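The block underneath contains the structure these notes are about, expressed in structure tokens.
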Amino acid sequence: MAEPGFRRDGSWVGASVPRREDPRLLTGRGRFVDDITLPRMLHAAFVRSSEAHARVVDVDLSEVRQVPGVVAAFDAADLALGDITALLDRPLEEFVPTSMPVLAGDKVRYVGEPLAVVIATDPYAAEDGVEAAVVELDPLDPVVTETAALAAAGPPVHDEAPGNVLVDVSLFATEGIDGIFDEAHTVVTVEARTGRQNALPLETRGVVADWDDRDEQLVVRTCTQVPHQVRTVLARCAGLDEKQVRVVVPDMGGGFGQKCVVGREEIAAAAAARRLRRPVKWIEDRREALTASFLAREQHYTARAAFTADGEILALESDVVCDMGAYSCYPFTAGIEPLMASAEMPGVYRVPASRGR
């Protein structure tokens, strides 16, 4: 007899497959990152920027290291990790690659950007260590709106992108579309904006990292939707072979896309664990989740559609501007939102001609 929920041919396609994890999760037997405790485990907290845009003059951690319970404190120079650089398979005139340091060294580009990591015997001592850090920043003009970013005289967030444009792509343009608009009975133009969004999963980001001397391997337990990408980036930043990084994903309390990109804090905590030869845990608090995690969907649309006298759509033209924040996320880059928005603009409608930028 076929197993309940499966078709006679054994296929899962189109079958009602029973869920197996529900009883364990509903009875409190789930195991999330913060449930993991290892012998001799330490805890991490981050010194973060209080400025939206500034040059880093000095990060003094000398007092941090004197705080009771603090085991170590590292800035960008101490950990000497490689940058995270996301690449898009587009010509250079359409996409500008920019690098995201694991810990900011020369410049900060948003409030909450990590400057140093404090490692302590418990989370409270780690937070006390963060409070003892002395950070000197030289503020620059912040870039907080799309208009300011695109202004001709606006301050560049990245030197590689003087106009603050990381992606400028025209995906498609139907031949003769201008003539369709010229001859259409009615042309309607709509301008709309969407507000910035934070995914806010119930379980915030987190990691427990441990260096295994016997296998010469970093074992990283983290709540991510992309474990293979975390392995690749962590290996590159730390100068390890990919086989020296093992990423384990326990139960995860929500991701919603926020955890399908590679974060900086997980890499810094793993690097500290390797350096100290002790397990290190970092659990993001809700304030960090709101200020320093990955955000989305601050978008500005200008759309123009041509119609017949009966209201049938003939052509659609769209210009989409997305505020992607300070950095390109790995692996999707800053192109993920404008490219998706342009491709999805027609929705469910039959659109004979279209043009999108």
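Numbers here simply count residues along the sequence, with the first being 1. Worth saying up front: this structure is predicted, and the values here are computed from it rather than measured.
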> Any chain of hydrophobic side-chain contacts (each under 4.5 Å) joining Ile84 to Met324?
Replying inline: no
> Can you get from Phe294 to Tyr330 by hopping between Ile, Leu, Val, Met, Phe, Trp and Tyr side chains that sit under 4.5 Å apart?
Replying inline: no
Salt bridge present between [X] and [Y] (N-O < 4.0 angstrom):
X: Arg355; Y: Asp178; value: yes
X: Arg278; Y: Asp213; value: no
X: Arg357; Y: Asp168; value: yes
X: Asp34; Y: Lys281; value: yes
X: Arg193; Y: Glu146; value: yes
X: Arg221; Y: Glu266; value: no

> How long is the gap from CG on Asp60 to CG on Asp58, to the nearest 0.5 Å?
Replying inline: 5.5 Å
>> Nearest 0.5 angstrom please: Ile313 CD1 to Thr186 OG1, how far?
In response: 12.0 Å
> Taking it one step at a time, do Arg264 and Val233 satisfy side-chain contact (heavy atoms from CB on, under 4.5 Å)?
Replying inline: CA-CA 10 Å; Arg264 310 156 81 171; Val233 174; over 6 Å; no
> side-chain hydrogen bond (donor to acceptor under 3.5 Å, both in side chains) with Arg24: which residues, sequence neighbours excluded?
Replying inline: Asp251
>> For Asp285 and Arg48: C-alpha separation, side-chain torsions, deciding distance, then whether salt bridge (charged side-chain N to carboxylate O under 4.0 Å, His left out) applies.
In response: CA-CA 13 Å; Asp285 64 31; Arg48 298 184 180 275; over 6 Å; no
> Any sub-3.5 Å donor-acceptor pair from Asp212's side-chain atoms to Arg214's backbone N or O?
Replying inline: yes
> Between the side chain of Thr232 and the main-chain N/O of His228, is any donor-acceptor distance below 3.5 Å?
Replying inline: yes
>> Using the side-chain contact (heavy atoms from CB on, under 4.5 Å) criterion, which residues pair with Leu140? Sequence neighbours excluded.
In response: His53, Arg55, Lys107
> Side chains of Ser328 and Leu166: does their closest heavy-atom pair fall under 4.5 Å?
Replying inline: yes
>> Quiz question: by atom type and distance under 3.5 Å, do the side chains of Asp83 and Thr85 form a donor-acceptor pair?
In response: no
> Tyr124 and His43: aromatic ring centres closer than 6.0 Å?
Replying inline: no
> Does the pair Ser293 and Glu284 meet the rule for a side-chain contact (heavy atoms from CB on, under 4.5 Å), with working shown?
Replying inline: CA-CA 9 Å; Ser293 197; Glu284 181 182 57; 3.6 Å; yes
